[in-house]
Amino acid sequence: MIRTHPTTPFDDQKPGTSGLRKKVRVFQRPNYAENFIQSVFDVVEGKDGATLVIGGDGRYLNREVIQTAIRMAAAAGFARVVVGRGGILSTPAASNVIRRRGALGGLVLSASHNPGGPDEDFGIKYNVANGGPAPEKVTEAIHARTLSIAEWKAADSADIDLDTLGEVTVEGMTVEVIDPVADYAALMETLFDFDAIRNAGLTIAFDAMSAVTGPYAREILVNRLGFAADSVMNGEPLEDFGGHHPDPNLVHARQLHQLMMSDAAPDFGAASDGDGDRNLIIGRGRFVTPSDSLAMLAANAHLAPGYAAGLKGIARSMPTSAAADRVAEAMNIPIFETPTGWKFFGNLLDAGMATICGEESAGTGSDHVREKDGLWAVLLWLNILAATGKSVDTIAREHWARFGRNYYARHDYEGVDSAAADTLMVGLRGQLAELPGRSFGALTVAAADDFAYEDPTDGSVSRHQGVRVLFAGGSRVVFRLSGTGTSGATLRVYLERYEPAGGDLDADTGAMLAEIAAAADAIAGIAQHTGRTEPDVIT
């Protein structure tokens with residue numbers, strides 16, 4: 001039986017760059033999750049007889065919302081729902097299942113790298129048929145629907161058993177519970193030389209951060225590649241991520257970083273985040289920034305079977321350093337600079353214009369799926385190490401000796417009062433015309449703008465994507481408000497200094513960026529507007 005439930009709209013359900021993210025207690029309000037899911041179903045066309053994929057990162061509330069979504073999918077006319085066992089599907093694995101099954105789309109239940117638990121964060125994102133996040137025209141339509149919704153519908157049926165593989169029926173709709181790891185692991189074996197990795201004699205440490213990639217890492221790194229079982233740290237997905245923040249950076253993966261900087265360090269260290277789409281790369285004694293990792297992976301991707309034919313192009317988000325640009329120039333392939341958000345990469349990948357993409361926020365991936373992919377990056381690094389016989393440190397040093405080095409850091413000011421953050425950005429935009437020619441210490445502004453992007457695949461234009469201040473000599477600072485938080489605002493300040501080949505290539509990053517950090521505060525009035533004298537997180 002299909003039951004109709006009357007409801008009233010909520011005014012705070014506008015999806016951000018990666019879906020709708022709020023505190024768990026917001027999602028637990030009557031009709032809140034249901035309104036958003038129904039709005040997705042109301043907007044999406046072609047549901048009758050179609051397949052829908054559902055899965056999440058295992059965080060608190062994951063199972064409950066999956067059960068609700070299954071009942072609502074039955075009422076919406078879907079013929080089949082494919083769900084990961086235990087409600088588990090990493091974000092890149094969900095993208096793969098959508099593509100492999102020819103699904104209409106999928107609901108990915110995650111707040112990515114944000115904390116989990118009863119007092120923390122939850123999220124719902126809709127991915128379209130290519131396996132990638134819904135484009136802006138779809139998310140805008142979903143938001144519009146949330147403002148007018150009057151009812152939601154669901155099958156009046158019991159919960160299904162999410163922990164047993166197989167098929168059941170809900171109001172005539174088939175629900176298939178699948179192994180969440182199998183299809184993804186098989187895909188990885190087509191891209192990388194598992195025999196070479198197995199035979200390279202490498203030692204590793206992978207921190208799954210008590211999040212979704214634990215089962216994937218155990219199956220691929222331990223069972224298929226033969227690394228020691230204790231190579232996987234924090235490998236059991238927990239609803240609250242063990243009380244930790246599942247963001248793979250040097251603050252939240254401190255245990256891994258300390259190990260990799262010690263005398264007991266293995267050859268290679270890595271971590272992934274809550275939903276498995278981000279990565280942290282650390283060699284013995286050498287941290288590799290996400291921007292540098294993108295550039296180094298692109299420069300060496302041909303060493304892996306899946307990329308032996310070369311790259312069609314490289315894409316990076318605007319705040320990501322220009323390190324990848326120099327690789328693209330040397331390889332004589334296109335480089336694309338997009339707004340933040342993987343959906344912009346998806347268009348380029350679908351059009352065959354790019355092969356590898358990356359963001360400074362620790363997301364890298366390729367055309368194998370339409371999401372960033374943490375374990376993919378780990379496996380490509382392992383393939384490169386196995387093929388070259390070199391250490392991470394050696395690969396980094398040789399890369400900088402050839403291309404020069406983009407010293408880079410991101411300063412995050414978290415939980416800033418939203419009005420104060422908006423005032424800061426308005427002030428920045430208001431002085432763009434006056435900044436060129438002004439000096440801040442030894443730095444002189446060469447240009448300043450509010451980044452806008454015209455998509456080469458469809459001509460769509462995205463404006464107000466971040467304020468850029470470019471200094472003479474190639475340094476820059478970028479200011480942007482993040483769309484991935486659930487309360488207040490996160491001000492992200494990106495600092496970059498280019499040091500050419502033959503220059504000082506192994507200096508302290510903080511020291512090399514000190515002048516730019518001081519200029520950023522002087523230009524934007526960060527301390528004045530936020531009340532903060534230093535960032536909460538530096539990556």
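Reckoned from all heavy atoms, side chains included, excluding hydrogens, waters and symmetry mates. Since we're looking at a predicted model, the values are computed, not measured.
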Between [Y] and [X], does any NZ, NE, NH1 or NH2 come within less than 4.0 Å of an OD or OE carboxylate oxygen?
X	Y	answer
Lys343	Glu371	no
Glu496	Arg476	yes
Arg492	Glu414	no
Asp12	Lys14	no
Arg532	Glu534	no
Asp393	Arg284	no
Arg316	Glu359	no

Ignoring hydrogens and geometry beyond distance, is a side-chain donor-acceptor pair present between [X] and [Y] at under 3.5 Å?
X	Y	value
Tyr184	Asp373	yes
His252	Asp247	no
Thr539	Asp412	no
Thr320	Ser291	no
Thr509	Tyr408	no
Tyr307	Asp367	no
Thr91	Asp275	yes
Asp521	Gln528	no

Side chain [X], main chain [Y], donor-acceptor under 3.5 Å:
X	Y	value
Ser95	Arg370	yes
His245	His113	yes
Asp273	Arg278	yes
Ser39	Asn35	yes
Ser293	Thr289	no
Arg59	Gly123	no
Ser391	Thr394	yes
Asp455	Gly459	no
Asn383	Leu379	no

With side chains defined as the heavy atoms from C-beta onward, is the minimum distance between [X] and [Y] less than 4.5 Å?
X	Y	value
Leu382	Ile204	yes
Met318	Thr340	no
Met209	His244	no
Val108	Leu89	no
Asp450	Arg463	no

Q | More than 12 heavy atoms from other groups under 6.0 Å of CD on Glu329 | A |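 Incorrect, the count does not exceed 12.
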Q: Would you check, one step at a time, whether the test salt bridge (charged side-chain N to carboxylate O under 4.0 Å, His left out) holds for Asp506 with Arg286?
A: CA-CA 11 Å; Asp506 203 17; Arg286 173 65 69 185; 3.2 Å; yes
Q. Could you go step by step and tell me if Tyr60 and Asp119 meet the side-chain hydrogen bond (donor to acceptor under 3.5 Å, both in side chains) rule?
A. CA-CA 9 Å; Tyr60 189 87; Asp119 299 314; over 6 Å; no
(Q) Let's go through Val288 and Ile282 carefully: what are the C-alpha distance in whole Å and the side-chain angles of both, what is the deciding distance for side-chain contact (heavy atoms from CB on, under 4.5 Å) to 0.1 Å, and is it a yes or a no? (A) CA-CA 6 Å; Val288 181; Ile282 315 178; over 6 Å; no
Nearest-0.5 Å distance, [atom1] of residue [X] to [atom2] of residue [Y]:
X	Y	atom1	atom2	result
Leu380	Leu375	CG	CG	12.5 Å
Met260	Ser262	CE	OG	8.0 Å
Ser321	Leu294	OG	CG	8.0 Å

Q. Could you walk me through whether Thr444 and Ser439 pass the side-chain hydrogen bond (donor to acceptor under 3.5 Å, both in side chains) check?
A. CA-CA 4 Å; Thr444 300; Ser439 294; 3.1 Å; yes
Between [X] and [Y], what is the shortest heavy-atom contact and its length?
X	Y	value
Val445	Leu435	CB-O, 3.3 Å
Trp342	Thr364	CH2-C, 3.8 Å
Ala448	Leu432	CB-CD2, 3.7 Å
Glu499	Tyr407	CB-CE1, 3.9 Å
Thr139	Ala134	CG2-O, 3.8 Å
His529	Ala524	CD2-O, 3.3 Å

Q.
Set out, in order, the CA-CA distance, both residues' side-chain angles and the distance that settles salt bridge (charged side-chain N to carboxylate O under 4.0 Å, His left out) for Arg497 and Glu515, then state yes or no.
A. CA-CA 10 Å; Arg497 170 178 170 173; Glu515 277 189 336; 5.5 Å; no
Q) Parallel, tilted or perpendicular for Phe192 and Trp376, by the 30°/60° rule? A)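 The arrangement is tilted - the two ring planes meet at 30° to 60°.
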Q: Could you check whether the rings of Phe403 and His399 sit parallel, tilted or perpendicular, using 30° and 60° as the cut-offs?
A: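 Tilted, since the angle between the ring planes falls between 30° and 60°.
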Q: Find out whether the Lys NZ or Arg CZ of Arg326 is both under 6.0 angstrom from the six-membered ring centre of Tyr498 and within 45° of the ring's axis.
A: yes
